[in-house]
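The figures here come from the full heavy-atom set of this structure, side chains too, leaving out hydrogens, waters and symmetry mates. Just so we're clear, the structure is a prediction, and the values are computed from it rather than from any experiment. Letters A, B, ... mirror the listed sequences (proteins, then strands); counts begin at 1.
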Amino acid sequence: MREVTSSFNAEEVEAAVRSFWDTDNIYAQVKKQHAGSPPWFFVDGPPYTTGHIHLGTAWNKILKDSILRFRRMQGYDVIDRAGYDMHGLPIEVRVEQELGFSSKKDIETYGIDKFIEKCKDFAITHKEIMSDQFRDLGIWMDFKNPYQTITPDYVEAAWWTLKRAEEKGLLERGYRVVNICPRCETAIADSEVEYWDETDPSIFVKFPVQDRENEYFVIWTTTPWTLPANVAVAVRDDFTYARVRAVKDGREEILWIGEPLVEEVLRKGRYQDFSILETVTGDALIGMHYRSPLEEQVPIQKDVHHRVVYADFVTMENTGLVHLAPGHGWDDSLVGQKEGLESLCPVDNAGIYTADAGIFAGKFVKDADQDVMDALGDNLLAKKKITHRYGHCWRCKTPILMISTEQWFLAIPKIKDKMLAEIARVEWQPDWAGSARFHDFVAGARDWCISRQRYWGIPIPVWECDACDARKVFGTVAELNEAAGTHLTDPHRPYVDDVTIPCTCGGTMHRVKDIFDVWFDSAMASWATLGFPRKTAEFERLWPAAFITEGQDQTRGWFYSQLGASIIAFDQAPYNKVLMHGFALDAEGRKMSKSVGNVISPEEVVAKVGVDVLRLYLLSASAPWDDLKFNWEGIKTTNRTINILWNVYRFPLPYMILDAFAPETAADGTWDGEYVMAHLPEMPEEDRWIISRVNSLAAQVGEDVDNGMLHRATRSCLTCILEDVSRWYVQLVRPRMWLEEDAREKREAYETMYYVMRRICSNLAPFAPHITENIFANLRTDKDPESIHMLSWFAGDATLIDATLEAEMGVIRSFDEAIATARQEGGRKLRWPIGEAFVITDSDAVENAITQMDELARQRANSQAITIVRGAWDRMGCSAEPVMRGIGPEFGKDGPKVKAAIEAADAATLKAAIERDGEVSVDGFTITEKHIAFSEKMPENIFASEMEGATVCVDITLTPTLEGVGFSREVVRRIQEMRRQLDLNVEDFITADVVITDNRVRDLLAGIHEDGIAGEVRATTLSITPVAGETGEGGLTTEWNVEGVTITIHIQKRGQ
RNA sequence: GGGCCCGUAGCAUAGUUGGUGGUGCACCCGGCUGAUAACCGGGAGGUCGUGCGUUCAAGUCGCACCGGGCCCA
């Protein structure tokens, strides 16, 4: 053992620990230690390899690391392979930016192969950066060999899964309305759409009614560009619609408008006059036909049989009639399918009108809004602007378009029941994450669009014949090579695109051009990380995962994608237990974002307080599933607690070193609480108490971690260090550390402190792996394992837990606080003894505790005697308080009156009556002891304070003896202060001369207490005299004023 | 617009079946002085987001609203 620095230096300690881990290869050793033990299969939710990690990512990994470390210490062989999500549009966008590209054409010109290589470099570079950042947070996961979604074996896992979907008839292809980003020229998932306000046209349009002269349906839309695709108008059958004769600039026309909206619409169209010709319900309109106002400009519109249909989503807003373009809207396409409407989509993936769009062909749709409005001519009834929430591509921020495109889907609704059943089977922490949130999401899930028209991703392994309808899905590269007679190694685009297969019909099969949505990539993680399907042994041994944990955003993300894919592949959820965690927010509870400038980086916190404080803060600040409001105050508090842990640890070290203390060990030299196990019954009660506390703590922490309550586990540890060890045990045990001789009490104190530190560090090790490792390195015996992380999890020993003792000590601590309060009230310092303290109580528990620990209680109280008073104390007055818990149920509505009556009555009279008769009548109410609580009132010469179950009174009257002790304590304190000023060592001896001119005070001290003072301050000679004698050279002389008495003290180190 | 979660003192957090709202930090006052750039005690500080309701009694139960978060539309 060595002494340590006076305050915790995180940077130094953590650097030392990190270098120890590196040089001695501790992580690998710990893994090796558990090889062959029961496995615990964890799957890392793969972070996306772009940019740097943020506080939320740090929290995520710290939660994982803490739980993994805990399971390792429990003896499991933990599968802790890290993972990275490395494909996808975000990386393409970054590479495009680097290369200055703005469209897919640029990529194709540059060369898909070169582009893919750039994307791969980007992903790998950033993977390395992130791994380093995670290592810097003390994360122990396999970063040397992480699973990566871009490796050929991973790609095969996705291929294999798609093949399963095809075999089960769950792979579908169709024209569907999807969000597309016209810049990225690809479908994007709903989750990739970001909404914010956008200003768009808001137009009212007249659709001429078939075979009726000058009669129109009036519709409203914010997307003029979708009008070339209009095929129907929707109404509600139960709404009332008006047929209106409207007059504008002398011309009359007949308009159909929702009845409540007539005036408003006509005002917008600047009509001067109108009259309602008739009103009908919507069902009368359904089936009516109309013509497109754009049939001249968009010839395909001439062939469309436009009609009025029913749709339940119509509301009585704007005009009450809704323009339907099944090629450009999800709701529209659903109605279209039901009604058998045509679906027009004269727009391509880049948002450019196709030839079908007539005069608009070749234009970008958003730019064509004005052209469409112009083309409408007189059929444009009114034109305004509207600001509304509109979706945007999450990467490039381009407004999205809804268009009908050919995509690949997984038919999730067909497996929904199985998914819901599996959700019910999985254990969720907290429960509502599964039973409510995830359940509801899956219950409403639709087909999953898995295709993207991009480059950097897993190619969809579907080959289609150019001559017939045949298609084939390949589950492995080998299978493909065999069918094609090729030797493909990298399954990425563009290489895989060149592979063709001869079709049985004589035609040639080509791969479809699409790649997978990245959500599909990560969905395979649980079997891809085990090398499945190439290798099956590990999969059969380990799958499904014992545990995963991710943020609440992954409900619709990774929790969902994994479940869907796994049901398709194996009819079973890929995880047994899921902990859903929250988001890291700023101190105001707002999302951290670069634009707001409220981002806190993990590095920033680590630079200030170190990794372990960040870890403990993140783990303890809130329940995992709640959002975490980052707060620097909280960081500071945690830092302070860690510093206290450090102080508690270093406090006994100088004494232990001085005495060459070595803890009792087992025969093989390892330590496992040997002394405590052998000697517990005869150890002092405060030792038995802290040992009991530490064992209770361990049991609690283990249970909390099991239940995902990391916040409780860490808070319990920190509280125990602060409250039980620092504020209480260390205070009690200090005098025993100072004992000179080889005393048994001292040995027991050392063994107990050693035990406490070892056990608490072991419990804290999963959460704060550095400081605990550092402390352990200094405390361990030569034969103990090299690292704290090689120890077995200490789960607490029930035989060492003494609940009664813990309760009794609780009473003493409550007593201690009450004494301090009462003394402060009476203005009597703790240093000055009092003659007597009284504990007035009716509680056996209080009496027993104080009696059992009389010496400790007297010592803490600095009182010569403690007297227990049962029942009433004759020197005590009393007051009464109503107990609503008792009054309410019995008196009901009269409760408040009874309360008032009790408050108004004389307490002593009530008490006397109840004690005599068991009841008393107040204002006509019969009051018994359950309705009233009596408390005591102090006499004036006594100071009192409440403790749990008792009232503590101190008598602060001074006697000459007490005053003598008080002054002697004052002198001791002054001499100790002077020793400190002279910077003397604990073991140095001094000579001391105390000059007190006040005869009375000198007499109080002289003779009675000289020996005691001399011993406490390590003075070989100590004189108390009325005048200063010869003091010689050196030393220190100080004049003190103690309670108005002048005391001059000279001390000198012996041997000088 | 819908689902789930959160909203308790300046900050953070506890509050089991409804029964006079606890704790830590910060603040102020004091103590201790062989853990001392540490430690301990006390005090002050609360419209329990807002409103309505159920009840003798609501932080707790119900409804509505406000604010924040995640997700969906």
With a 4.0 Å cut-off on N to O distance, would you call A:Arg437 and A:Asp431 a salt bridge? no

May I have the distance from A:Trp1040 (atom CH2) to B:U33 (atom P), rounded to whole angstrom? 12 Å

Rounding to an integer number of Å, can you tell me how far A:Tyr729 OH sits from B:A35 P? 14 Å

Is the ring pair A:Trp59/A:His581 parallel, tilted or perpendicular, if the boundaries are 30 and 60 degrees? tilted

Under-3.5 Å N/O pairs linking protein and nucleotides 26-29 of chain B:
none

Honestly, is A:Arg446 close enough over A:Trp330, meaning NZ or CZ under 6.0 Å from the six-membered ring centre and within 45° of the axis? yes

Rounded to whole angstrom units, what separation is found between the CG atom of A:Asn862 and the P atom of B:U33? 10 Å

Mind checking A:Phe441 for me? I need base, sugar-phosphate or nothing, with any heavy atom below 4.0 Å counting as a touch. sugar-phosphate

Among B:C71, B:C25, B:A35, the one nearest any side-chain atom of A:Asp553 is B:C71

Over 12 non-hydrogen atoms of neighbours within 6.0 angstrom of NZ in A:Lys636: no

Using atom CZ of A:Arg556 as one end and atom P of B:C71 as the other, report the distance to the nearest whole Å. 6 Å

Within the 4.0 Å limit for protein heavy atoms, which parts of nucleotides 4-9 of chain B are touched? Write it as a string from 5' to 3', B for base, S for sugar-phosphate only, - for none. BSS---

Expressed as a whole number of Å, how far does the C1' atom of B:A64 sit from that of B:C27? 39 Å

Sugar-phosphate, base or nothing in reach of A:Arg823, heavy atoms under 4.0 Å: nothing

For B:U47, give its Watson-Crick or G-U wobble partner with both distances under 3.5 Å, or none. none

Separation between the C1' atoms of B:C70 and B:G10, rounded to whole Å: 28 Å

Could you work out the separation of B:U17 and B:G51 based on their C1' atoms and round it to a whole Å? 27 Å

A:Asp894 vs A:Ala621, nearer the 5' end of RNA chain B by closest nucleotide: A:Ala621

Integer-rounded Å distance: B:A12 C1' and A:Leu618 CG: 14 Å

Pick base, sugar-phosphate or nothing for A:Arg712, based on heavy-atom distances below 4.0 Å to the nucleic acid. sugar-phosphate

Should B:A9 form a Watson-Crick or G-U wobble pair with both distances under 3.5 Å, which nucleotide is its partner? none

If B:A38 has a Watson-Crick or G-U wobble mate with both distances under 3.5 Å, name it; if not, just say none. none

Aromatic contact, A:Trp832 with A:Phe967 (centres under 6.0 Å): yes

Mate of B:C70 across any strand shown (Watson-Crick or G-U wobble, both atom pairs under 3.5 Å) is B:G3

Given atom CH2 of A:Trp519 and atom P of B:C71, what is their separation to the nearest angstrom? 9 Å

Rounded C1' spacing from B:G49 to B:A58 in Å: 16 Å

Show your working on ring pair (Phe, Tyr, Trp, His ring centres under 6.0 Å) between A:His711 and A:Trp625 and close with a plain yes or no. CA-CA 10 Å; A:His711 60 311; A:Trp625 46 86; 5.7 Å; yes

Return the nucleotide paired to B:A58: Watson-Crick means purine N1 to pyrimidine N3 with N6-O4 or O6-N4, wobble means G-U with N1-O2 and O6-N3, both under 3.5 Å. none

Between P of B:C39 and CG of A:Asp724, the distance in whole Å: 16 Å

Applying a 4.0 Å non-hydrogen cut-off, can you work out what A:Gln976 is touching in the nucleic acid: base, sugar-phosphate, or nothing? base

Complementary nucleotide of B:U33, counting Watson-Crick and G-U pairs under 3.5 Å: none

Tell me yes or no: between the side chains of A:Asn778 and A:Tyr649, is some donor less than 3.5 Å from an acceptor? yes

Answer yes or no: is there an ion pair linking A:Lys608 with A:Glu11, defined by an N-O contact shorter than 4.0 Å? no

Quick one: label A:Thr555 by what it contacts on the DNA or RNA (base, sugar-phosphate, nothing), any heavy atom closer than 4.0 Å. nothing

Counting any heavy atom closer than 4.0 Å, what does A:Ser726 reach on the DNA or RNA strands: base, sugar-phosphate only, or nothing? base

Passes side-chain hydrogen bond (donor to acceptor under 3.5 Å, both in side chains), A:Tyr729 versus A:Asp724? Steps please. CA-CA 6 Å; A:Tyr729 184 71; A:Asp724 298 329; over 6 Å; no

Euclidean distance for P, B:U50 against B:C11 (whole angstrom): 14 Å

With the side chain defined as heavy atoms from C-beta on, A:Asn631 is closest, among B:A12, B:C71, B:A35, to B:A12

Send over the distance from A:His711 NE2 to B:G15 P, rounded to a whole Å. 8 Å

Please report the distance separating the P of B:C63 from the corresponding atom of B:C6, rounded so that it comes out in whole Å. 15 Å

For the pair A:Tyr655 and A:Phe651, name the ring-plane relationship: parallel under 30°, tilted 30 to 60°, perpendicular over 60°. perpendicular

What distance, rounded to whole Å, do you find between the two P atoms, one in B:G42 and one in B:U16? 26 Å

Kindly assign one of parallel, tilted or perpendicular to the pair A:Phe891 and A:His931, based on the angle between their ring planes and the thresholds 30° and 60°. perpendicular

Taking only side-chain N and O atoms of A:Arg446, does any of them lie within less than 4.0 angstrom of OP1 or OP2 on B:A73? yes

Would you measure the distance from the C1' atom in B:G15 across to the matching atom in B:G19 and give it in whole Å? 14 Å

Relative to each other, are the rings of A:Phe441 and A:Tyr560 parallel, tilted or perpendicular (30° and 60° limits)? perpendicular

